[in-house]
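The chain is numbered in sequence order, starting from 1.
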Amino acid sequence: QVQLVESGGGLVQAGGSLRLSCAHSGRTFSSYVMGWFRQAPGKEREFVASINRSGGITSHTDSVKGRFTITRDNAKNMVYLQMNSLKPEDTAVYYCAASTRLSVSGNRSPRDYDYWGQGTQVTVSS
């Protein structure tokens with residue numbers, strides 16, 4: 001059984017920063033590709049970032065490149081999303097996800113993931 005619990009969301013002004021954290025309950029955390037997704041009301045769930053098992057390879061969607069950084073700490077079963085220079089369009093519920101495998105798409109689709117957290121709200125005001 002794997003549980004993912006996000007934390008760190010909140011309300012910030014445009015240009016501000018937040019760090020989201022995701023705690024993974026499994027004993028084989030390092031076996032999972034990890035990802036962050038976000039979903040705004042009425043919109044499809046959107047890929048934000050992913051990180052491979054060792055943490056050495058990351059991918060970020062174009063809209064957050066240079067502003068967001070995904071990292072992981074396998075010793076602590078944690079994955080993080082550092083968000084800087086936040087914009088109002090970043091407002092969404094952010095979800096942590098875990099994948100047991102590499103996908104053809106590079107784990108950029110929600111369908112590539114096996115486990116999901118409950119989400120944490122990020123709201124960026126103008």
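Counting non-hydrogen atoms of neighbouring residues, nucleotides and ligands closer than 6.0 angstrom, the CD atom of E89 exceeds 12 such neighbours. For CG of L11, the number of neighbouring non-hydrogen atoms (other residues, nucleotides, ligands) closer than 6.0 Å is greater than 12. Q121 CD: more than 12 foreign heavy atoms inside a 6.0 Å radius.
In this structure, Y95 and R38 have side chains that are not in contact, with every pair of non-hydrogen atoms separated by 4.5 Å or more. F68 has its side chain within reach of L86: a pair of non-hydrogen atoms, C-beta onward, lies under 4.5 Å apart. Counting only heavy atoms from C-beta outward, the side chains of R53 and M34 never approach each other to under 4.5 Å. V122 is listed as a side-chain neighbour of L20, based on a closest heavy-atom distance under 4.5 Å. Contact check for M83 versus S17: no side-chain heavy atoms found under the 4.5 Å cut-off. Looking at V64 and V48, their side chains come closer than 4.5 Å, going by heavy atoms from C-beta outward. In this structure the side chain of I51 never reaches within 4.5 angstrom of the side chain of I57, judged on heavy atoms.
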Practice item. Check the pair Y80 / R19 against side-chain hydrogen bond (donor to acceptor under 3.5 Å, both in side chains), numbers first and verdict last. Key: CA-CA 7 Å; Y80 307 97; R19 189 179 77 154; 5.0 Å; no

Exercise for review: Test Y113 against S50 for side-chain contact (heavy atoms from CB on, under 4.5 Å), laying out the working first.
Suggested key: CA-CA 11 Å; Y113 290 82; S50 64; 3.7 Å; yes

Practice item. Would you please test R108 and S59 for side-chain contact (heavy atoms from CB on, under 4.5 Å) and show each step? Key: CA-CA 9 Å; R108 299 177 73 96; S59 181; 2.5 Å; yes

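Side-chain atoms of R67 come within 3.5 Å of backbone atoms of S63 as a donor-acceptor pair (strictly under, hydrogens ignored). Side chain of E6 to backbone of C96: a donor-acceptor contact under 3.5 angstrom is found. Side chain of S99 to backbone of D112: a donor-acceptor contact under 3.5 angstrom is found.
The structure places CD1 of I70 at 8.0 Å from CH2 of W36, a figure rounded to the nearest 0.5 Å. In this structure, CG in D73 is found 10.5 Å from OG in S21, a value given to the nearest 0.5 Å. Considering OG1 of T28 and CG of N77, their distance stands at 8.5 Å, rounded to 0.5 Å. Rounding to the nearest 0.5 angstrom, the gap separating the CD atom in Q82 from the OG1 atom in T69 is 7.0 Å.
For G119 against V93, the heavy-atom pair with the smallest separation is CA-CG1, 3.8 Å. Shown here for P88 and S126, the closest heavy-atom pair between the two residues is CG-OG, 3.6 Å. Nearest heavy atom pair, residue L4 against residue C22, reads CB-SG, 4.0 Å.
Salt-bridge annotation for D114 and R101: present, with a side-chain N of the basic residue lying under 4.0 Å from a carboxylate O of the acidic one. Ion pairing between D62 and K65 holds under the 4.0 Å rule for side-chain N and carboxylate O.
Under the 6.0 Å cut-off for aromatic ring centres, F47 and F37 qualify, their centroids lying closer than that.
Linking Ile, Leu, Val, Met, Phe, Trp and Tyr residues whenever their side-chain heavy atoms come within less than 4.5 Å leaves W116 and V79 in two separate clusters.
The aromatic rings of Y32 and H24 are tilted relative to each other, their planes meeting at an angle between 30° and 60°.
A cation-pi contact, defined as under 6.0 Å to the ring centre and within 45° of the axis, links R72 to F29.
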